Structure formats: C-alpha cells, structure tokens
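Throughout, protein chains are lettered first and strands after them, A, B, ... in sequence-line order, and every chain is numbered starting at 1. What you see is a predicted model, and the numbers here were worked out from it, not measured in a lab. Only this structure's heavy atoms are used, side chains among them; waters, hydrogens and symmetry mates stay out.
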Protein chains: 2
Amino acid sequence: MGGYRGGVPLSPHLPELSALELLVDTARTGSIGAAARIHGISQQAASARLRGVEALVGAPLLLRSPRGSRLTESGTVLVEWAARLIDVAAEVDQGIATLRADRSERLRVAASMTVAEHLLPRWLITVRARQQTAGRSPTAVTLTATNSDRVAEAVRSGEADLGFVEGPTVPAGLRAQDVARDELVVVVAPSHPWTRRRAPLTAQELAATALVAREEGSGTRRVLEEALAAKGLRLTVPAVELTTSTGVREAVRAGSAPAVLSRLAAEGDLGAGRLAAVPVADLDLSRRLRAVWAGSSTPPAGAARDLLAVARSC
Amino acid sequence: MGGYRGGVPLSPHLPELSALELLVDTARTGSIGAAARIHGISQQAASARLRGVEALVGAPLLLRSPRGSRLTESGTVLVEWAARLIDVAAEVDQGIATLRADRSERLRVAASMTVAEHLLPRWLITVRARQQTAGRSPTAVTLTATNSDRVAEAVRSGEADLGFVEGPTVPAGLRAQDVARDELVVVVAPSHPWTRRRAPLTAQELAATALVAREEGSGTRRVLEEALAAKGLRLTVPAVELTTSTGVREAVRAGSAPAVLSRLAAEGDLGAGRLAAVPVADLDLSRRLRAVWAGSSTPPAGAARDLLAVARSC
DNA sequence: CAAGCCCACAGGAGGAGCTTGTGGGTGGCT
DNA sequence: AGCCACCCACAAGCTCCTCCTGTGGGCTTG
C-alpha cells in the first residue's frame with residue numbers, strides 16, 4: 001500500500017474502472033444487457049465496451065451465447081482481480097466524499113494521518129453499509145487529516161465531532177476510547193547495512209541514529225520519543241523531518257537514513273521488498289489508536305456512535 | 001478483498017486512474033509541468049485534468065504558485081489513497097500482461113485459483129522490480145488459472161513451466177517446494193444462526209452440514225475433505241458446487257449455506273462485515289501452498305527461479 | 001534585464017463513446 | 001406451431017471530451 005513508484009504510468013492495457021465494473025456485473029448477472037441496465041447505458045454500448053476490454057487484455061474473456069454470457073478462464077481471473085481493485089476504488093470514492101466541503105449537516109471527523117490513510121475509508125464503507133441495511137439514510141461525513149496534536153485541537157474547539165489519534169496519552173480535556181492497536185517498525189532501504197545484521201537493533205543504537213522522522217506533534221513521532229524516554233534515551237536530531245508517511249517512505253527508499261513508521265503505512269512496501277524491517281530488541285513500539293471526543297463522558301450518539309462501533313470491531 | 005457488492009457503480013466523483021496518477025506525480029515532482037512530461041502530455045492538458053479532479057472532488061488539492069505546486073491537506077490525504085489504489089491497479093495491470101497470449105518466449109505459470117487471485121500479481125510485480133534493478137530485462141509471464149488438479153496436469157504435460165497448488169499432498173510425479181501457508185475458514189452470512197453460537201463448531205457438525213463448496217479437484221475442497229477424513233468424517237453432499245471463490249462468497253452472502261474458504265479469499269469480506277467467520281474446534285484447516293515443477297529434482301533456473309524466490313520470501 | 005521556470009486561458013481538430021435503428025438466434029408459454 | 005422475451009451483434013450519426021498549439025502573466029536566477 002502506498003508504495004507507488006512514480007514515474008512509470010500504468011500500461012495502456014489497463015481498462016478503465018467503469019469498464020471493469022461492467023465486466024464484473026456482466027459476470028454476476030450472466031448477461032451483458034443486464035449489466036448495461038445497471039450502469040444506465042444501452043446494451044450496445046456495454047457490448048462495445050466489453051469488446052474493448054477484451055482487445056486491451058488480448059484474450060477472450062466472455063463466452064457469448066444467445067442466452068447469456070459466461071466467463072472464460074482468463075475472464076474469471078480478471079474479474080477476481082478487478083473486484084479487488086473496485087473494492088479499493090470504492091474506499092477511495094468514499095474517502096473523496098468526506099473531502100467535499102459543501103454539505104451542511106454532517107459528521108465531522110478529524111483523524112491522524114495514519115488512521116485517515118489506512119483505516120478510515122474502510123470504516124466509512126462499513127458504516128454506510130450498516131446504515132443502509134438498517135434502513136437509515138447514510139450520514140455525510142467530512143474528514144480532516146492532520147497530526148494527532150491538531151486532531152485534539154479540532155475536537156476541543158468543536159471543529160470536529162469525533163477524532164482519531166495515536167500516541168501514548170489521552171489528549172488533555174478529551175474523552176477517549178481505544179479502537180485499535182498499531183505498531184511502529186524500523187524500516188530501511190533494502191540496500192542498507194542494517195538488513196544484514198544478525199542481532200536485533202538495540203534501543204540505544206536506534207536513539208543514536210539520525211532518522212527520517214515525522215514532524216513534532218505527530219503521533220508516530222511522539223510514541224517513538226516516549227518509548228525511548230522510558231529507557232532513559234533521547235532521540236538524535238532527525239536527518240530530515242517530513243509531514244507525510246509517503247515522504248518518509250520515499251526518503252528511506254532513497255537510502256538516506258532509517259525511519260520509524262506505522263506498520264500500516266509500511267506494509268505494502270515491506271511485502272513488495274521495497275523496504276526492509278529491522279527488529280528492535282528492547283523497545284515497546286506498539287501503540288493504541290484512540291477515538292476522542294469532547295464533552296460528556298459517554299461516547300457520542302448518532303453517526304459518531306456508528307463509526308466508533310465499526311472502528312472498534314475491525 | 002474481492003467482495004464487490006455489485007449493482008452499485010462507483011460514484012461519478014471518482015477521478016480516472018490516469019488523472020490520479022497525474023496528481024500523485026505532481027505531488028512527487030512538485031510541478032504540474034514535470035508530471036505532464038512524465039505522462040507524455042502537454043502542461044496545459046495536465047493542468048486542465050487536475051482542475052477537473054479538483055472539481056470532481058469538490059475541494060482544492062493543489063496550492064499553485066509561480067514556482068511549483070504543493071498539496072493542500074485534502075490533497076495529501078487523497079494522494080495517499082490514490083497511491084494505494086494505483087498500487088493495486090499496477091498488480092492488475094501486471095496480471096493482465098500474463099493473460100495476453102501473444103508472446104513467444106516466456107515463463108508459463110499455472111496456478112490454483114487462490115494463488116492466482118490473491119498472491120501472484122504481487123509476486124509478479126516484485127519479480128519484475130528485482131529483475132530491473134538487477135539490470136536484466138523483465139520476463140514475459142503467461143498465467144493459467146484453474147484448480148490444483150489441472151495445474152498439476154499442465155506442469156506434467158509441459159504446458160506450464162511452473163505451477164502453484166494447494167492441498168495436503170504433492171501431486172504425483174512432480175517436485176515441490178513450500179512457498180506459503182494458508183488457512184481455511186468457515187464463513188457464513190452475518191445473519192446466519194452460527195454467528196450467535198457460543199461454543200466453536202465441531203468437525204462433526206461441519207461435516208454434517210450441506211455447504212456451498214468448490215468443485216472436486218480444487219485444492220480448497222480437497223484440504224477440507226482430508227481434514228475431515230483425519231477425524232473419520234466425510235463431507236455431506238454440498239448444497240451447491242461452484243468453480244470460483246467469488247461464486248461461493250456470493251452464495252454464502254445470499255444466506256443459503258455456510259462455506260469453507262481460503263482466508264485469503266475471505267479476508268476482505270470478513271473485514272467489511274459482509275461475511276462472518278465461525279471458529280472450528282477440532283479441525284486442522286491450515287494448508288500449504290506449494291510450487292511444483294517437472295523433471296529434475298533441483299528447482300528450475302532462470303525466471304522460474306526468480307519467481308520461486310520471491311514467492312518464498314513473501 | 002533577459003532567460004527559464006512556473007502556471008492559466010483560448011480556439012480548433014480529432015476521436016472515443018453514446019444512442020437509436022436493425023437483424024439473427026434461442027427458449028418458454030399459450 | 002407461433003408468439004414473445006430475452007440474448008447478442010452490426011451500422012450510422014451525433015455529441016462531447018480531451019488533447020493539441022499558440023499565447024500571456026508572474027516569479028526567480030544569472
């Protein structure tokens with residue numbers, strides 16, 4: 001996740017998302033015409049689009065017959081991949097809806113970068129689905145994504161109804177509830193000498209190294225600092241400070257220095273071998289992700305309650 | 001992943017993938033013009049496209065200045081989401097390349113559905129990346145996705161150079177190497193009575209239930225049957241037999257009957273609450289994913305070796 | 001102060017995708 | 001048997017989108 005290499009656009013063989021949706025719906029319904037109706041286009045247009053997809057892919061995907069269409073073997077695999085892609089696209093879609101600023105009645109959420117990037121879109125999809133199955137109309141949500149400090153401020157000042165933060169302590173003046181756990185990992189470029197270590201890193205070594213770090217006020221940075229402080233250590237002045245985990249990842253991949261990142265943010269790059277994780281011996285880098293709200297001691301009602309419930313169950 | 005609900009096309013607010021790529025590259029380079037050059041379009045076209053994205057999202061994403069463009073807060077979040085989407089798209093893209101049938105020299109891979117759907121695209125991306133960093137030109141790979149039995153046949157007959165199968169035993173006449181572990185889970189619709197059970201399911205109960213199942217010859221089916229056989233049990237005749245895990249998932253969601261699925265295939269739906277997992281008490285449903293090849297006892301050379309190495313390290 | 005980068009606006013050409021109209025084929029119902 | 005409903009594909013025309021080129025304004029650098 002989030003490891004887009006940049007500079008290498010996707011090949012022109014990748015069909016458009018809408019065309020893939022059409023294919024998936026054709027597979028589901030067993031009929032091109034039915035899928036066309038779902039998408040609000042004519043059967044002919046759908047047929048042409050799907051032929052276009054087949055031409056792009058370079059393999060037959062559908063077995064057309066006078067009483068419907070079935071998938072070929074290649075089609076089956078492609079539909080499976082496409083469904084996954086569309087799921088992620090739906091998350092982004094949901095996320096985009098939260099960025100739109102033109103609503104009046106809405107749930108205003110402020111979240112730390114880590115939560116906003118990696119968890120919220122999925123939560124929102126689930127909340128929406130649950131509200132719809134419960135027969136309620138889905139709530140409009142607006143999202144502000146900053147660092148944990150500013151999330152706390154936004155909630156305190158009433159700019160946001162609900163916040164999500166990381167960090168070892170509950171922000172002053174707010175009520176909180178744990179919703180998930182996360183863990184920080186030390187990551188380096190695959191070419192970095194630390195990847196060839198036998199023994200795990202010690203807290204002392206880590207503290208003595210100039211890292212690529214997030215700015216002060218970020219939950220990631222604070223957790224690291226407090227974990228080191230618990231060992232009587234202080235963080236060396238960072239080599240670079242950046243405000244996004246993308247920036248941090250890119251700097252690490254460029255080989256400059258190690259970094260400490262949320263596992264959520266690093267996962268994709270670790271899996272793909274673009275980054276390597278370095279175990280740390282004597283440091284507790286797990287952290288809680290908390291929902292926070294102002295005012296009463298009980299969790300908020302309405303849509304905020306729904307979101308909180310979904311977040312806790314994931 | 002792979003839980004596409006169907007019937008609800010993505011909102012028209014979602015920008016096209018190419019437009020999102022453009023945004024990501026603009027963020028990376030700090031300049032609209034530079035991103036335009038990467039994508040081989042004029043600066044004006046890129047500028048217009050990005051304005052289109054902003055209109056679609058309904059929020060400013062870029063802070064344009066006479067010496068470049070930076071992201072707004074909303075832009076930062078969107079870029080992060082978009083990068084993830086593009087990563088998945090790149091996997092699909094890579095997968096599509098393997099479906100194209102027009103190459104002559106290539107590595108021919110046959111894989112079980114589970115592996116083809118959930119693991120191979122990522123492996124292929126990594127192989128490609130490693131080959132490129134090693135200065136070699138990337139290998140063309142063609143993929144056939146069927147059930148484990150037919151994968152074994154394809155490898156035996158020389159139709160495929162390398163195969164990936166599930167199942168408790170190594171197919172006769174082939175050499176094998178473990179590459180990963182997987183686990184089967186019992187899944188039901190969220191409304192199914194089993195979700196309200198206190199005690200875990202017993203193997204006996206499971207065996208006595210008519211399930212939604214994969215066809216005979218599939219690795220998923222075989223693992224289940226053998227796990228039951230180890231307890232002296234036999235599977236009841238399935239309620240339905242389907243050849244894809246999508247089909248199985250949909251049937252389960254429709255509420256008809258429980259199913260046994262790879263955790264890989266069920267993950268997305270479990271996370272989103274579209275399916276529920278039911279613990280099973282006394283049944284070992286873990287399974288190995290194996291690479292198989294014909295002939296010599298040593299693993300194959302060349303590109304097959306690269307793929308094998310990547311698969312094992314993930 | 002000119003050159004080089006950044007950006008945006010305007011007009012025109014091309015093409016991709018849609019719709020409507022049409023026809024061939026199969027299965028079920030009366 | 002015959003009609004109807006559904007499946008699919010081909011063809012012609014239109015529309016709108018997106019790209020191109022040409023142009024101009026603003027800021028920084030040598």
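Put simply, Ser69(A) has a side-chain N or O that comes within less than 4.0 Å of OP1 or OP2 on dC8(D). Between Arg51(A) and the phosphate of dG17(C), there is no side-chain N or O to OP1/OP2 separation shorter than 4.0 Å. Phosphate proximity of dC7(D) to Ser65(A): absent, as no side-chain N or O sits under 4.0 Å from OP1 or OP2. Remark: Ser42(B) is not in phosphate contact with dC19(D), judged by side-chain N or O atoms under 4.0 Å from OP1 or OP2.
Of all non-hydrogen atoms in Ser245(A) and Glu117(A), the two that sit nearest each other are OG-OE1, 3.1 Å.
Look at NE2 on His39(A): it is 15 Å from C1' on dC18(C), rounded to the nearest Å. Atoms CG (Leu63(A)) and C1' (dT26(C)) sit 17 Å apart, rounded to a whole Å. At whole-Å resolution of the value, CG in Leu56(B) and C1' in dC17(D) are 13 Å apart. Atom CG of Leu62(B) and atom C1' of dC6(C) are 13 Å apart (whole Å). Following rounding to the nearest Å, Ile41(A) (CD1) and dT19(C) (C1') show an atom-to-atom distance of 11 Å. If you measure from atom CZ of Arg49(A) to atom C1' of dC8(D), you get 18 Å, rounded to the nearest angstrom. Rounded to whole Å, the distance from CG on Leu50(A) to C1' on dA16(C) is 16 Å. Here dG4(C) presents its P atom at 14 Å from CZ of Arg37(B), a figure rounded to the nearest Å.
Nearest to the side-chain atoms of Arg64(B) among the listed nucleotides dA8(C), dC18(C), dA9(D) stands dA8(C). Listed nucleotides dC18(C), dG27(C), dT28(D) differ in distance to Arg67(B); the shortest reach to its side chain belongs to dT28(D). For Ser31(B), the side-chain atoms get nearest to dC7(C) when compared with the rest of dC7(C), dG17(C), dC7(D). Listed nucleotides: dC8(D), dC18(C), dC20(D). Nearest to the side chain of Ala45(B): dC20(D).
Of the two residues contacting DNA chain C, namely Gln43(A) and Gly30(B), the nearest-nucleotide position lying further toward the 5' end is that of Gly30(B). Residue Pro66(A) is the one, among Gln44(A) and Pro66(A), whose nearest nucleotide of DNA chain D lies closer to the 5' end (criterion: closest heavy atom).
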Walk me through it: do His13(B) and Asp93(A) pass the test side chain to side chain donor-acceptor pair (under 3.5 Å)? CA-CA 7 Å; His13(B) 291 301; Asp93(A) 195 21; over 6 Å; no

| request: Could you check Thr139(A) against Arg128(A) for side chain to side chain donor-acceptor pair (under 3.5 Å), going step by step and ending with a plain yes or no? | output: CA-CA 7 Å; Thr139(A) 316; Arg128(A) 197 184 184 80; over 6 Å; no

query = Which is it for Arg150(A) and Glu73(B) under the salt bridge (Lys or Arg N to Asp or Glu O under 4.0 Å) test, yes or no, and what are the steps along the way?
reply = CA-CA 12 Å; Arg150(A) 298 185 53 187; Glu73(B) 224 167 59; 3.7 Å; yes

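Of the possible polar contacts, one joining the Thr29(A) side chain to the Asp25(A) backbone as a donor-acceptor pair under 3.5 Å is found.
Using a 4.0 Å heavy-atom distance criterion, Arg70(A) is classed as making no nucleic acid contact.
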